[in-house]
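Every heavy atom of this structure was used, including side-chain atoms; hydrogens, water molecules and symmetry mates were not. Naming convention: chains lettered A, B, ... in sequence-line order (proteins, then strands); numbering from 1 in each chain.
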Protein chains: 2
Amino acid sequence: MQRMSDAIRETLRALPHFHGLDLELFERVVVCAESRTFARGDMIFLHGEEARAFFVVRAGSVRVYRATPDGREQVVHHLRAGQSFAEPAVLSLGRYPVNAIALESRTELVAVDSRFVELLKQEPRLSVAIVSSLSMRLLGLVERIEELAITSAPARLAHYLLKLPAKDADRHLVVQLPLAKKDLASHLAIAPETLSRLLRRWQDRGLIRSKGKTLELLDTRILLAIADRDE
Amino acid sequence: MQRMSDAIRETLRALPHFHGLDLELFERVVVCAESRTFARGDMIFLHGEEARAFFVVRAGSVRVYRATPDGREQVVHHLRAGQSFAEPAVLSLGRYPVNAIALESRTELVAVDSRFVELLKQEPRLSVAIVSSLSMRLLGLVERIEELAITSAPARLAHYLLKLPAKDADRHLVVQLPLAKKDLASHLAIAPETLSRLLRRWQDRGLIRSKGKTLELLDTRILLAIADRDE
DNA sequence: GACGCGACTTGACCGCGGTCAAGGTGATTT
DNA sequence: AAATCACCTTGACCGCGGTCAAGTCGCGTC
(Lines give C-alpha, C1' and ligand atoms only; values in the text may rest on other atoms or scores of the structure.)
Protein backbone atom coordinates (compact mmCIF):
# COMPACT_ATOMS: atom_id res chain seq x y z
CA MET A 1 0.00 0.00 0.00
CA GLN A 2 3.00 2.23 0.17
CA ARG A 3 2.91 2.83 -3.57
CA MET A 4 -0.70 3.90 -3.40
CA SER A 5 0.13 6.35 -0.68
CA ASP A 6 2.95 7.80 -2.75
CA ALA A 7 0.57 8.39 -5.64
CA ILE A 8 -1.72 10.28 -3.27
CA ARG A 9 1.18 12.41 -2.07
CA GLU A 10 2.21 13.21 -5.59
CA THR A 11 -1.29 14.24 -6.59
CA LEU A 12 -1.87 16.43 -3.55
CA ARG A 13 1.56 18.00 -3.68
CA ALA A 14 0.85 19.33 -7.16
CA LEU A 15 -2.30 21.11 -5.95
CA PRO A 16 -2.09 24.90 -5.50
CA HIS A 17 -3.71 24.47 -2.08
CA PHE A 18 -0.64 22.82 -0.68
CA HIS A 19 2.17 24.74 -2.33
CA GLY A 20 4.94 25.54 0.04
CA LEU A 21 3.50 23.58 2.94
CA ASP A 22 6.14 22.12 5.23
CA LEU A 23 6.44 18.35 5.23
CA GLU A 24 5.06 17.72 8.66
CA LEU A 25 1.85 19.61 7.97
CA PHE A 26 1.53 18.10 4.52
CA GLU A 27 1.66 14.61 5.99
CA ARG A 28 -1.24 15.48 8.24
CA VAL A 29 -3.19 16.36 5.12
CA VAL A 30 -2.24 13.12 3.41
CA VAL A 31 -3.75 11.18 6.30
CA CYS A 32 -7.19 12.57 5.36
CA ALA A 33 -6.94 11.30 1.79
CA GLU A 34 -7.69 8.06 0.03
CA SER A 35 -7.71 6.96 -3.57
CA ARG A 36 -10.84 5.87 -5.46
CA THR A 37 -11.31 4.54 -8.96
CA PHE A 38 -14.39 5.06 -11.14
CA ALA A 39 -15.57 3.63 -14.44
CA ARG A 40 -16.94 5.71 -17.29
CA GLY A 41 -20.41 6.92 -16.37
CA ASP A 42 -20.08 6.29 -12.63
CA MET A 43 -21.59 8.99 -10.47
CA ILE A 44 -19.08 10.46 -8.04
CA PHE A 45 -21.73 12.31 -6.09
CA LEU A 46 -25.25 13.59 -6.52
CA HIS A 47 -26.82 16.96 -5.96
CA GLY A 48 -28.11 17.15 -2.38
CA GLU A 49 -25.99 14.33 -1.02
CA GLU A 50 -24.11 14.90 2.22
CA ALA A 51 -20.64 16.20 1.39
CA ARG A 52 -18.12 13.86 3.01
CA ALA A 53 -15.11 14.67 0.85
CA PHE A 54 -13.69 16.85 -1.86
CA PHE A 55 -11.75 15.40 -4.77
CA VAL A 56 -8.61 15.77 -6.81
CA VAL A 57 -8.36 14.22 -10.26
CA ARG A 58 -5.38 11.91 -10.62
CA ALA A 59 -6.29 10.39 -13.97
CA GLY A 60 -9.21 10.50 -16.36
CA SER A 61 -11.73 13.34 -16.31
CA VAL A 62 -14.86 14.49 -14.55
CA ARG A 63 -17.89 16.55 -15.44
CA VAL A 64 -19.56 18.70 -12.80
CA TYR A 65 -23.04 19.72 -13.86
CA ARG A 66 -26.45 20.75 -12.76
CA ALA A 67 -29.51 18.80 -13.84
CA THR A 68 -32.50 20.87 -14.92
CA PRO A 69 -36.15 19.89 -14.41
CA ASP A 70 -36.69 18.84 -18.02
CA GLY A 71 -33.80 16.39 -17.93
CA ARG A 72 -31.17 18.46 -19.67
CA GLU A 73 -27.97 19.39 -17.97
CA GLN A 74 -25.77 22.46 -17.77
CA VAL A 75 -22.06 21.88 -17.39
CA VAL A 76 -20.45 23.85 -14.58
CA HIS A 77 -16.93 22.46 -14.85
CA HIS A 78 -14.84 19.97 -16.72
CA LEU A 79 -11.94 18.63 -14.70
CA ARG A 80 -8.77 16.91 -15.79
CA ALA A 81 -5.72 15.53 -14.04
CA GLY A 82 -4.39 17.86 -11.35
CA GLN A 83 -7.61 19.75 -10.75
CA SER A 84 -9.78 19.63 -7.65
CA PHE A 85 -13.46 20.15 -7.02
CA ALA A 86 -16.21 20.26 -4.37
CA GLU A 87 -14.15 22.03 -1.72
CA PRO A 88 -16.95 24.50 -0.89
CA ALA A 89 -19.39 21.67 -0.31
CA VAL A 90 -17.16 20.15 2.33
CA LEU A 91 -15.79 23.32 3.87
CA SER A 92 -19.03 25.13 4.28
CA LEU A 93 -22.19 23.95 2.62
CA GLY A 94 -22.37 20.43 3.99
CA ARG A 95 -24.09 19.14 0.86
CA TYR A 96 -23.07 18.88 -2.76
CA PRO A 97 -24.88 21.54 -4.81
CA VAL A 98 -24.18 19.80 -8.15
CA ASN A 99 -23.68 16.38 -9.72
CA ALA A 100 -20.32 14.89 -10.68
CA ILE A 101 -19.77 12.04 -13.10
CA ALA A 102 -16.65 10.21 -14.32
CA LEU A 103 -16.19 10.63 -18.07
CA GLU A 104 -13.56 7.97 -18.71
CA SER A 105 -13.02 4.44 -17.56
CA ARG A 106 -10.24 4.21 -14.99
CA THR A 107 -10.89 7.72 -13.72
CA GLU A 108 -8.88 7.93 -10.50
CA LEU A 109 -9.59 10.46 -7.82
CA VAL A 110 -8.06 11.34 -4.50
CA ALA A 111 -10.78 11.95 -1.92
CA VAL A 112 -9.96 14.29 0.96
CA ASP A 113 -12.48 13.73 3.72
CA SER A 114 -13.89 15.97 6.41
CA ARG A 115 -11.06 15.42 8.87
CA PHE A 116 -9.38 18.02 6.71
CA VAL A 117 -11.82 20.64 8.01
CA GLU A 118 -10.49 20.12 11.52
CA LEU A 119 -6.95 20.63 10.30
CA LEU A 120 -8.01 23.82 8.60
CA LYS A 121 -9.36 25.25 11.83
CA GLN A 122 -6.04 24.77 13.56
CA GLU A 123 -3.60 25.72 10.86
CA PRO A 124 -3.61 29.30 9.57
CA ARG A 125 -0.98 28.53 6.93
CA LEU A 126 -3.28 25.93 5.48
CA SER A 127 -6.34 28.14 5.48
CA VAL A 128 -4.61 31.03 3.78
CA ALA A 129 -3.70 28.70 0.94
CA ILE A 130 -7.28 27.52 0.72
CA VAL A 131 -8.66 31.05 0.75
CA SER A 132 -6.37 31.92 -2.09
CA SER A 133 -7.32 28.93 -4.14
CA LEU A 134 -11.04 29.42 -3.57
CA SER A 135 -10.55 32.96 -4.77
CA MET A 136 -9.04 31.69 -7.98
CA ARG A 137 -11.97 29.35 -8.37
CA LEU A 138 -14.33 32.28 -7.99
CA LEU A 139 -12.59 34.16 -10.74
CA GLY A 140 -12.78 31.12 -12.96
CA LEU A 141 -16.52 30.96 -12.47
CA VAL A 142 -16.89 34.65 -13.24
CA GLU A 143 -15.13 34.00 -16.52
CA ARG A 144 -17.34 31.02 -17.20
CA ILE A 145 -20.35 33.25 -16.62
CA GLU A 146 -18.97 35.79 -19.04
CA GLU A 147 -18.50 33.08 -21.63
CA LEU A 148 -22.08 31.95 -21.27
CA ALA A 149 -23.32 35.52 -21.39
CA ILE A 150 -21.96 35.82 -24.92
CA THR A 151 -25.18 35.54 -26.85
CA SER A 152 -24.25 34.30 -30.29
CA ALA A 153 -23.14 30.73 -30.82
CA PRO A 154 -20.27 31.55 -33.23
CA ALA A 155 -18.86 34.11 -30.79
CA ARG A 156 -18.97 31.62 -27.92
CA LEU A 157 -17.24 28.96 -29.97
CA ALA A 158 -14.55 31.27 -31.36
CA HIS A 159 -13.92 32.61 -27.87
CA TYR A 160 -13.52 29.08 -26.59
CA LEU A 161 -11.17 27.95 -29.35
CA LEU A 162 -8.90 30.95 -28.92
CA LYS A 163 -8.57 30.28 -25.21
CA LEU A 164 -7.47 26.71 -25.72
CA PRO A 165 -3.79 25.96 -25.11
CA ALA A 166 -2.28 26.07 -28.60
CA LYS A 167 0.85 24.82 -30.29
CA ASP A 168 2.50 27.08 -32.81
CA ALA A 169 2.84 25.52 -36.20
CA ASP A 170 4.23 27.62 -39.04
CA ARG A 171 1.97 30.63 -39.49
CA HIS A 172 -0.97 29.17 -37.58
CA LEU A 173 -2.08 27.54 -34.32
CA VAL A 174 -2.97 23.93 -33.61
CA VAL A 175 -5.33 23.08 -30.77
CA GLN A 176 -6.72 19.84 -29.37
CA LEU A 177 -10.33 19.67 -28.24
CA PRO A 178 -10.20 18.28 -24.71
CA LEU A 179 -13.81 17.03 -24.96
CA ALA A 180 -15.98 15.00 -27.25
CA LYS A 181 -17.81 17.38 -29.58
CA LYS A 182 -21.18 16.62 -28.08
CA ASP A 183 -19.79 17.49 -24.64
CA LEU A 184 -18.19 20.63 -25.98
CA ALA A 185 -21.54 21.61 -27.45
CA SER A 186 -23.15 21.11 -24.07
CA HIS A 187 -20.39 23.13 -22.39
CA LEU A 188 -21.04 26.00 -24.80
CA ALA A 189 -24.81 25.63 -24.40
CA ILE A 190 -25.40 25.00 -28.10
CA ALA A 191 -26.82 22.04 -30.03
CA PRO A 192 -24.28 19.52 -31.35
CA GLU A 193 -25.67 20.11 -34.83
CA THR A 194 -24.86 23.80 -34.57
CA LEU A 195 -21.30 23.05 -33.50
CA SER A 196 -20.88 20.74 -36.44
CA ARG A 197 -22.24 23.30 -38.88
CA LEU A 198 -20.08 26.12 -37.53
CA LEU A 199 -16.89 24.10 -37.87
CA ARG A 200 -17.81 23.12 -41.38
CA ARG A 201 -18.63 26.68 -42.38
CA TRP A 202 -15.36 27.98 -41.00
CA GLN A 203 -13.48 25.22 -42.73
CA ASP A 204 -15.14 26.08 -46.05
CA ARG A 205 -14.12 29.69 -45.54
CA GLY A 206 -10.53 28.71 -44.81
CA LEU A 207 -10.55 29.91 -41.22
CA ILE A 208 -9.76 26.52 -39.74
CA ARG A 209 -8.86 22.99 -40.70
CA SER A 210 -10.60 20.28 -38.73
CA LYS A 211 -9.68 16.62 -38.36
CA GLY A 212 -11.29 14.81 -35.45
CA LYS A 213 -10.38 16.56 -32.23
CA THR A 214 -7.47 18.40 -33.79
CA LEU A 215 -8.13 21.87 -35.13
CA GLU A 216 -5.79 24.19 -36.99
CA LEU A 217 -6.65 27.83 -36.56
CA LEU A 218 -5.61 29.36 -39.86
CA ASP A 219 -6.88 32.90 -39.44
CA THR A 220 -6.94 34.01 -35.81
CA ARG A 221 -7.60 37.61 -36.80
CA ILE A 222 -11.01 36.81 -38.21
CA LEU A 223 -11.75 34.34 -35.41
CA LEU A 224 -11.01 37.12 -32.93
CA ALA A 225 -13.38 39.40 -34.77
CA ILE A 226 -16.09 36.73 -34.59
CA ALA A 227 -15.47 36.22 -30.86
CA ASP A 228 -15.72 39.95 -30.19
CA ARG A 229 -18.59 40.57 -32.53
CA ASP A 230 -21.19 40.31 -29.87
CA GLU A 231 -19.63 39.40 -26.64
CA MET B 1 -14.61 60.67 13.93
CA GLN B 2 -16.05 58.24 16.43
CA ARG B 3 -19.38 58.22 14.63
CA MET B 4 -17.71 57.36 11.37
CA SER B 5 -15.98 54.47 13.01
CA ASP B 6 -19.28 53.23 14.41
CA ALA B 7 -20.78 53.23 10.95
CA ILE B 8 -17.88 51.12 9.73
CA ARG B 9 -18.38 48.67 12.59
CA GLU B 10 -22.05 48.36 11.85
CA THR B 11 -21.44 47.70 8.16
CA LEU B 12 -18.74 45.11 8.72
CA ARG B 13 -20.60 43.38 11.51
CA ALA B 14 -23.49 42.66 9.18
CA LEU B 15 -21.18 40.91 6.71
CA PRO B 16 -21.31 37.09 6.61
CA HIS B 17 -17.50 37.04 6.72
CA PHE B 18 -17.45 38.25 10.29
CA HIS B 19 -20.37 36.42 11.80
CA GLY B 20 -19.58 35.04 15.20
CA LEU B 21 -16.20 36.68 15.47
CA ASP B 22 -15.28 37.66 19.00
CA LEU B 23 -15.07 41.36 19.74
CA GLU B 24 -11.33 41.58 20.17
CA LEU B 25 -10.63 40.00 16.81
CA PHE B 26 -13.37 42.01 15.13
CA GLU B 27 -11.77 45.24 16.33
CA ARG B 28 -8.54 44.23 14.68
CA VAL B 29 -10.47 43.90 11.42
CA VAL B 30 -12.07 47.31 11.88
CA VAL B 31 -8.61 48.88 12.05
CA CYS B 32 -8.01 47.82 8.43
CA ALA B 33 -11.14 49.60 7.23
CA GLU B 34 -11.97 53.12 6.18
CA SER B 35 -15.03 54.80 4.71
CA ARG B 36 -15.13 56.34 1.23
CA THR B 37 -17.84 58.27 -0.55
CA PHE B 38 -18.44 58.27 -4.30
CA ALA B 39 -20.64 60.29 -6.64
CA ARG B 40 -22.76 58.79 -9.39
CA GLY B 41 -20.47 57.70 -12.20
CA ASP B 42 -17.26 57.68 -10.15
CA MET B 43 -14.96 54.77 -10.88
CA ILE B 44 -14.14 52.76 -7.77
CA PHE B 45 -11.42 50.78 -9.48
CA LEU B 46 -10.33 49.84 -12.96
CA HIS B 47 -9.49 46.54 -14.58
CA GLY B 48 -5.78 45.82 -14.13
CA GLU B 49 -5.23 48.23 -11.26
CA GLU B 50 -3.34 46.96 -8.24
CA ALA B 51 -5.83 45.58 -5.72
CA ARG B 52 -5.28 47.47 -2.47
CA ALA B 53 -8.65 46.86 -0.85
CA PHE B 54 -11.93 45.07 -1.07
CA PHE B 55 -15.21 46.88 -0.47
CA VAL B 56 -18.50 46.68 1.37
CA VAL B 57 -21.48 48.75 0.24
CA ARG B 58 -22.88 50.88 3.04
CA ALA B 59 -25.25 52.99 0.93
CA GLY B 60 -26.03 53.43 -2.74
CA SER B 61 -25.17 50.80 -5.32
CA VAL B 62 -22.31 49.60 -7.46
CA ARG B 63 -21.96 47.93 -10.82
CA VAL B 64 -19.09 45.52 -11.42
CA TYR B 65 -18.56 44.95 -15.10
CA ARG B 66 -16.12 44.00 -17.78
CA ALA B 67 -15.57 46.21 -20.78
CA THR B 68 -15.57 44.40 -24.11
CA PRO B 69 -13.41 45.35 -27.11
CA ASP B 70 -16.32 46.82 -29.02
CA GLY B 71 -17.17 49.22 -26.22
CA ARG B 72 -20.13 47.43 -24.75
CA GLU B 73 -20.04 46.13 -21.23
CA GLN B 74 -20.97 42.87 -19.59
CA VAL B 75 -22.36 43.25 -16.09
CA VAL B 76 -20.84 40.80 -13.65
CA HIS B 77 -22.57 41.96 -10.48
CA HIS B 78 -24.94 44.54 -9.12
CA LEU B 79 -24.28 45.34 -5.49
CA ARG B 80 -26.50 47.01 -2.94
CA ALA B 81 -26.18 47.91 0.73
CA GLY B 82 -24.68 45.11 2.82
CA GLN B 83 -22.91 43.32 -0.01
CA SER B 84 -19.17 43.05 -0.52
CA PHE B 85 -17.00 42.66 -3.59
CA ALA B 86 -13.43 42.28 -4.88
CA GLU B 87 -12.25 39.94 -2.13
CA PRO B 88 -10.59 37.53 -4.57
CA ALA B 89 -8.60 40.36 -6.12
CA VAL B 90 -7.10 41.24 -2.74
CA LEU B 91 -6.81 37.75 -1.28
CA SER B 92 -5.25 36.11 -4.25
CA LEU B 93 -4.81 37.92 -7.54
CA GLY B 94 -3.24 41.18 -6.58
CA ARG B 95 -5.04 43.04 -9.37
CA TYR B 96 -8.66 43.84 -10.08
CA PRO B 97 -9.95 41.71 -12.96
CA VAL B 98 -12.97 43.95 -13.63
CA ASN B 99 -14.19 47.53 -13.37
CA ALA B 100 -16.42 48.94 -10.63
CA ILE B 101 -18.49 52.10 -10.85
CA ALA B 102 -20.78 53.90 -8.38
CA LEU B 103 -24.34 54.06 -9.69
CA GLU B 104 -25.82 56.60 -7.29
CA SER B 105 -24.65 59.85 -5.84
CA ARG B 106 -23.63 59.46 -2.18
CA THR B 107 -22.61 55.86 -2.67
CA GLU B 108 -20.71 55.01 0.50
CA LEU B 109 -18.31 52.13 0.72
CA VAL B 110 -16.19 50.63 3.45
CA ALA B 111 -12.75 49.76 2.09
CA VAL B 112 -10.86 46.95 3.81
CA ASP B 113 -7.21 47.19 2.83
CA SER B 114 -4.42 44.65 2.54
CA ARG B 115 -3.48 44.74 6.21
CA PHE B 116 -6.45 42.41 6.44
CA VAL B 117 -4.47 39.74 4.59
CA GLU B 118 -1.84 39.81 7.33
CA LEU B 119 -4.53 39.31 9.94
CA LEU B 120 -5.84 36.38 7.98
CA LYS B 121 -2.47 34.67 8.07
CA GLN B 122 -2.40 34.82 11.85
CA GLU B 123 -5.99 34.04 12.73
CA PRO B 124 -7.44 30.66 11.80
CA ARG B 125 -10.87 31.65 13.08
CA LEU B 126 -10.93 34.53 10.65
CA SER B 127 -9.83 32.45 7.70
CA VAL B 128 -12.37 29.76 8.43
CA ALA B 129 -15.06 32.42 8.32
CA ILE B 130 -13.73 33.73 5.03
CA VAL B 131 -13.53 30.27 3.53
CA SER B 132 -17.12 29.75 4.45
CA SER B 133 -18.30 32.97 2.97
CA LEU B 134 -16.31 32.55 -0.24
CA SER B 135 -17.94 29.15 -0.54
CA MET B 136 -21.35 30.72 -0.34
CA ARG B 137 -20.35 33.19 -3.01
CA LEU B 138 -19.22 30.31 -5.21
CA LEU B 139 -22.56 28.64 -4.76
CA GLY B 140 -24.29 31.84 -5.83
CA LEU B 141 -22.23 31.89 -9.02
CA VAL B 142 -23.10 28.29 -9.78
CA GLU B 143 -26.74 29.27 -9.53
CA ARG B 144 -26.12 32.19 -11.85
CA ILE B 145 -24.67 29.72 -14.36
CA GLU B 146 -27.80 27.66 -14.05
CA GLU B 147 -29.87 30.76 -14.74
CA LEU B 148 -27.90 31.50 -17.89
CA ALA B 149 -28.38 27.93 -19.01
CA ILE B 150 -32.10 28.54 -19.15
CA THR B 151 -32.44 29.09 -22.84
CA SER B 152 -35.83 30.66 -23.32
CA ALA B 153 -36.38 34.30 -22.50
CA PRO B 154 -39.77 33.81 -20.78
CA ALA B 155 -38.33 31.08 -18.54
CA ARG B 156 -35.41 33.29 -17.54
CA LEU B 157 -37.68 36.20 -16.74
CA ALA B 158 -40.21 34.15 -14.79
CA HIS B 159 -37.39 32.51 -12.85
CA TYR B 160 -35.98 35.92 -12.00
CA LEU B 161 -39.29 37.41 -10.91
CA LEU B 162 -40.07 34.48 -8.64
CA LYS B 163 -36.71 34.83 -6.92
CA LEU B 164 -37.20 38.48 -6.05
CA PRO B 165 -37.98 39.32 -2.44
CA ALA B 166 -41.77 39.60 -2.42
CA LYS B 167 -44.37 41.14 -0.19
CA ASP B 168 -47.56 39.22 0.38
CA ALA B 169 -50.66 41.09 -0.64
CA ASP B 170 -54.01 39.32 -0.41
CA ARG B 171 -53.85 36.27 -2.66
CA HIS B 172 -50.83 37.44 -4.63
CA LEU B 173 -47.24 38.69 -4.42
CA VAL B 174 -45.89 42.18 -4.97
CA VAL B 175 -42.28 42.64 -6.07
CA GLN B 176 -40.13 45.66 -6.83
CA LEU B 177 -37.67 45.58 -9.72
CA PRO B 178 -34.32 46.62 -8.25
CA LEU B 179 -33.00 47.72 -11.67
CA ALA B 180 -34.10 49.88 -14.56
CA LYS B 181 -35.80 47.66 -17.12
CA LYS B 182 -33.07 48.11 -19.67
CA ASP B 183 -30.52 46.98 -17.07
CA LEU B 184 -32.72 44.07 -16.09
CA ALA B 185 -32.91 43.10 -19.74
CA SER B 186 -29.13 43.18 -19.93
CA HIS B 187 -28.85 41.09 -16.75
CA LEU B 188 -31.14 38.47 -18.28
CA ALA B 189 -29.28 38.68 -21.58
CA ILE B 190 -32.39 39.64 -23.56
CA ALA B 191 -33.30 42.72 -25.61
CA PRO B 192 -35.24 45.45 -23.78
CA GLU B 193 -37.97 45.10 -26.40
CA THR B 194 -38.40 41.45 -25.54
CA LEU B 195 -38.71 42.24 -21.86
CA SER B 196 -41.33 44.83 -22.62
CA ARG B 197 -43.32 42.44 -24.80
CA LEU B 198 -43.19 39.61 -22.28
CA LEU B 199 -44.51 41.80 -19.47
CA ARG B 200 -47.30 43.04 -21.69
CA ARG B 201 -48.27 39.55 -22.82
CA TRP B 202 -48.39 38.28 -19.26
CA GLN B 203 -50.39 41.28 -18.20
CA ASP B 204 -52.89 40.64 -21.00
CA ARG B 205 -53.18 37.04 -19.84
CA GLY B 206 -53.80 38.13 -16.27
CA LEU B 207 -50.61 36.58 -14.89
CA ILE B 208 -49.21 39.86 -13.60
CA ARG B 209 -50.06 43.50 -13.17
CA SER B 210 -47.30 45.94 -14.01
CA LYS B 211 -46.92 49.58 -13.03
CA GLY B 212 -43.44 51.04 -13.40
CA LYS B 213 -41.02 49.05 -11.32
CA THR B 214 -43.78 47.50 -9.23
CA LEU B 215 -45.10 44.13 -10.33
CA GLU B 216 -47.94 42.10 -8.89
CA LEU B 217 -47.59 38.39 -9.51
CA LEU B 218 -51.17 37.23 -9.80
CA ASP B 219 -50.67 33.61 -10.80
CA THR B 220 -47.46 32.16 -9.46
CA ARG B 221 -48.47 28.64 -10.42
CA ILE B 222 -48.41 29.43 -14.13
CA LEU B 223 -45.29 31.57 -13.75
CA LEU B 224 -43.58 28.62 -12.10
CA ALA B 225 -44.60 26.43 -15.01
CA ILE B 226 -43.13 28.96 -17.44
CA ALA B 227 -39.90 29.13 -15.44
CA ASP B 228 -39.54 25.34 -15.48
CA ARG B 229 -40.71 24.85 -19.01
CA ASP B 230 -37.30 24.85 -20.51
CA GLU B 231 -34.81 25.42 -17.82
C1' DG C 1 -45.54 74.78 -17.16
C1' DA C 2 -42.68 73.91 -21.21
C1' DC C 3 -38.95 71.71 -22.77
C1' DG C 4 -35.69 67.94 -23.60
C1' DC C 5 -33.70 63.69 -22.96
C1' DG C 6 -33.62 59.06 -21.77
C1' DA C 7 -36.45 55.13 -20.77
C1' DC C 8 -40.02 52.41 -22.33
C1' DT C 9 -43.39 50.54 -25.73
C1' DT C 10 -45.10 48.80 -30.02
C1' DG C 11 -44.92 47.21 -34.81
C1' DA C 12 -42.69 44.93 -38.83
C1' DC C 13 -39.29 42.06 -40.38
C1' DC C 14 -36.13 38.19 -40.72
C1' DG C 15 -32.02 35.51 -39.50
C1' DC C 16 -30.08 32.51 -36.04
C1' DG C 17 -30.10 28.40 -34.12
C1' DG C 18 -32.96 24.56 -32.08
C1' DT C 19 -35.49 20.30 -33.29
C1' DC C 20 -36.52 16.25 -35.93
C1' DA C 21 -35.00 12.90 -39.10
C1' DA C 22 -31.83 10.32 -41.77
C1' DG C 23 -27.56 8.95 -43.04
C1' DG C 24 -22.33 8.37 -42.47
C1' DT C 25 -18.09 7.25 -39.83
C1' DG C 26 -15.51 5.69 -36.46
C1' DA C 27 -14.39 2.81 -32.65
C1' DT C 28 -14.95 -1.26 -29.61
C1' DT C 29 -16.76 -6.01 -29.04
C1' DT C 30 -17.41 -10.77 -30.29
C1' DA D 1 -14.20 -9.46 -40.22
C1' DA D 2 -18.82 -8.61 -39.01
C1' DA D 3 -21.71 -6.41 -35.94
C1' DT D 4 -23.02 -2.93 -32.94
C1' DC D 5 -23.25 1.34 -30.88
C1' DA D 6 -22.07 6.00 -30.04
C1' DC D 7 -20.65 10.01 -32.16
C1' DC D 8 -20.78 13.04 -35.73
C1' DT D 9 -22.62 15.22 -39.98
C1' DT D 10 -26.03 17.06 -43.14
C1' DG D 11 -30.63 18.49 -44.67
C1' DA D 12 -35.23 20.62 -44.02
C1' DC D 13 -38.08 23.28 -41.34
C1' DC D 14 -39.74 26.99 -38.40
C1' DG D 15 -40.41 29.73 -34.22
C1' DC D 16 -38.15 32.64 -30.94
C1' DG D 17 -36.24 36.66 -30.18
C1' DG D 18 -33.00 40.29 -32.00
C1' DT D 19 -32.75 44.54 -34.82
C1' DC D 20 -34.48 48.70 -36.86
C1' DA D 21 -37.65 52.35 -36.73
C1' DA D 22 -41.10 55.24 -34.94
C1' DG D 23 -43.55 56.77 -31.59
C1' DT D 24 -45.05 57.63 -26.39
C1' DC D 25 -44.23 58.23 -21.67
C1' DG D 26 -42.08 60.06 -17.59
C1' DC D 27 -39.04 62.69 -15.13
C1' DG D 28 -35.77 66.29 -14.00
C1' DT D 29 -34.38 71.05 -15.26
C1' DC D 30 -34.95 75.65 -16.09
Side-chain angles (χ1 to χ4, degrees), chain A residues 39-41 61 63 68 70-74 101-106 148-160 176-205 208-215 226-227 229-231, chain B residues 39-41 63 70 72 74-75 103-105 148-160 176-205 208-215 226-227 229-231:
Chain A
R40 176 194 166 96
S61 63
R63 166 158 69 223
T68 58
D70 66 346
R72 304 196 318 180
E73 44 186 67
Q74 177 55 45
I101 189 173
L103 292 180
E104 303 172 27
S105 51
R106 297 201 348 270
L148 286 171
I150 299 174
T151 53
S152 92
R156 272 205 303 281
L157 176 56
H159 186 96
Y160 178 88
Q176 285 284 337
L177 299 181
L179 278 62
K181 284 183 184 159
K182 80 180 176 77
D183 291 328
L184 173 57
S186 159
H187 178 90
L188 296 172
I190 63 181
E193 294 93 329
T194 301
L195 173 59
S196 204
R197 277 188 260 265
L198 282 172
L199 291 178
R200 155 142 295 271
R201 196 162 84 207
W202 291 351
Q203 175 147 347
D204 290 348
R205 289 186 192 166
I208 64 171
R209 199 172 307 140
S210 160
K211 190 191 284 178
K213 289 189 176 180
T214 305
L215 295 188
I226 293 173
R229 174 85 40 177
D230 85 25
E231 108 172 294
Chain B
R40 176 192 166 98
R63 174 189 305 155
D70 63 348
R72 309 199 314 182
Q74 174 58 42
V75 177
L103 293 180
E104 302 173 27
S105 50
L148 286 171
I150 302 175
T151 53
S152 92
R156 273 206 302 279
L157 177 57
H159 187 97
Y160 178 87
Q176 287 283 337
L177 299 182
L179 279 63
K181 284 183 186 160
K182 79 182 176 78
D183 291 329
L184 173 56
S186 157
H187 177 87
L188 296 172
I190 62 181
E193 293 94 329
T194 301
L195 173 58
S196 204
R197 277 188 259 266
L198 281 173
L199 291 177
R200 155 142 294 271
R201 196 161 84 206
W202 291 350
Q203 176 146 345
D204 291 348
R205 290 186 192 167
I208 64 171
R209 199 173 305 140
S210 160
K211 190 191 284 177
K213 289 189 178 180
T214 306
L215 295 189
I226 293 173
R229 173 84 39 176
D230 113 37
E231 108 173 291

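- Within the structure, every pair that satisfies the side chain to side chain donor-acceptor pair (under 3.5 Å) test and touches residues 194-204 of chain B, not counting sequence neighbours, is listed here: Arg200(B)-Asp204(B).
- A straight line from CD of Gln203(A) to C1' of dT10(D) spans 14 Å, rounded to a whole angstrom.
- The minimum heavy-atom distance between Ile226(B) and Ala158(B), with the atom names listed, is CG2-CB, 4.0 Å.
- What separates CZ of Arg40(A) from C1' of dC7(D) is a distance of 10 Å, to the nearest Å.
- No side-chain donor-acceptor contact under 3.5 Å links Arg63(A) to the backbone of Asp183(A).
- Taking five base pairs at each end of the helix from dG1(C)-dC30(D) to dT30(C)-dA1(D), the local helix axes there meet at an angle of 50°, rounded to 10°.
- Here Glu193(B) contributes atom CD and Lys182(B) contributes atom NZ; the two are 12.5 Å apart, rounded to the nearest 0.5 Å.
- The OH atom of Tyr160(B) sits 5.0 Å away from atom CG of Leu179(B), with the distance rounded to the nearest 0.5 Å.
- Between the CD atom of Glu104(A) and the C1' atom of dC7(D) there is a distance of 16 Å, rounded to whole Å.
- Atom CD1 in Ile190(A) sits roughly 12 Å away from atom P in dC8(D) (whole-Å rounding).
- Leu215(A) places its CG atom 14 Å from the C1' atom of dC8(D), with the value rounded to the nearest Å.
- Counting heavy atoms from C-beta outward, His187(B) and Pro178(B) have side chains that stay 4.5 Å or more apart.
- dG17(C) atom C1' lies 9 Å from atom CG of Leu198(A), rounded to whole Å.
- Residue Gly212(B) comes nearest to Lys181(B) through the heavy atom pair O-NZ, 3.4 Å, listed as atom of the first residue, atom of the second, then distance.
- In this structure, the CG atom of Leu184(A) is 15 Å from the C1' atom of dT9(D), given to the nearest Å.
- Interatomic distance, Ile208(A) CD1 to Leu157(A) CG, rounded to the nearest 0.5 Å: 7.5 Å.
- The distance from atom CG of Leu177(A) to atom CG of Leu195(A), rounded to the nearest 0.5 Å, is 8.0 Å.
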Please tabulate the protein-to-nucleotide N/O contacts below 3.5 Å involving nucleotides 6-10 of chain C, giving atom names and distances.
from	atom 1	to	atom 2	distance (Å)
dC8(C)	OP1	Lys181(B)	N	3.0
dC8(C)	OP2	Lys182(B)	N	2.9
dT9(C)	OP1	Lys181(B)	NZ	3.3
dT9(C)	OP2	Ser196(B)	OG	2.7
dT9(C)	O5'	Ser196(B)	OG	2.9
dT10(C)	OP1	Arg200(B)	NE	3.0
dT10(C)	OP1	Arg200(B)	NH2	3.4
dT10(C)	OP2	Arg200(B)	NE	2.8

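- Residue Arg156(A) is out of contact with every strand shown, counting any heavy-atom pair closer than 4.0 Å.
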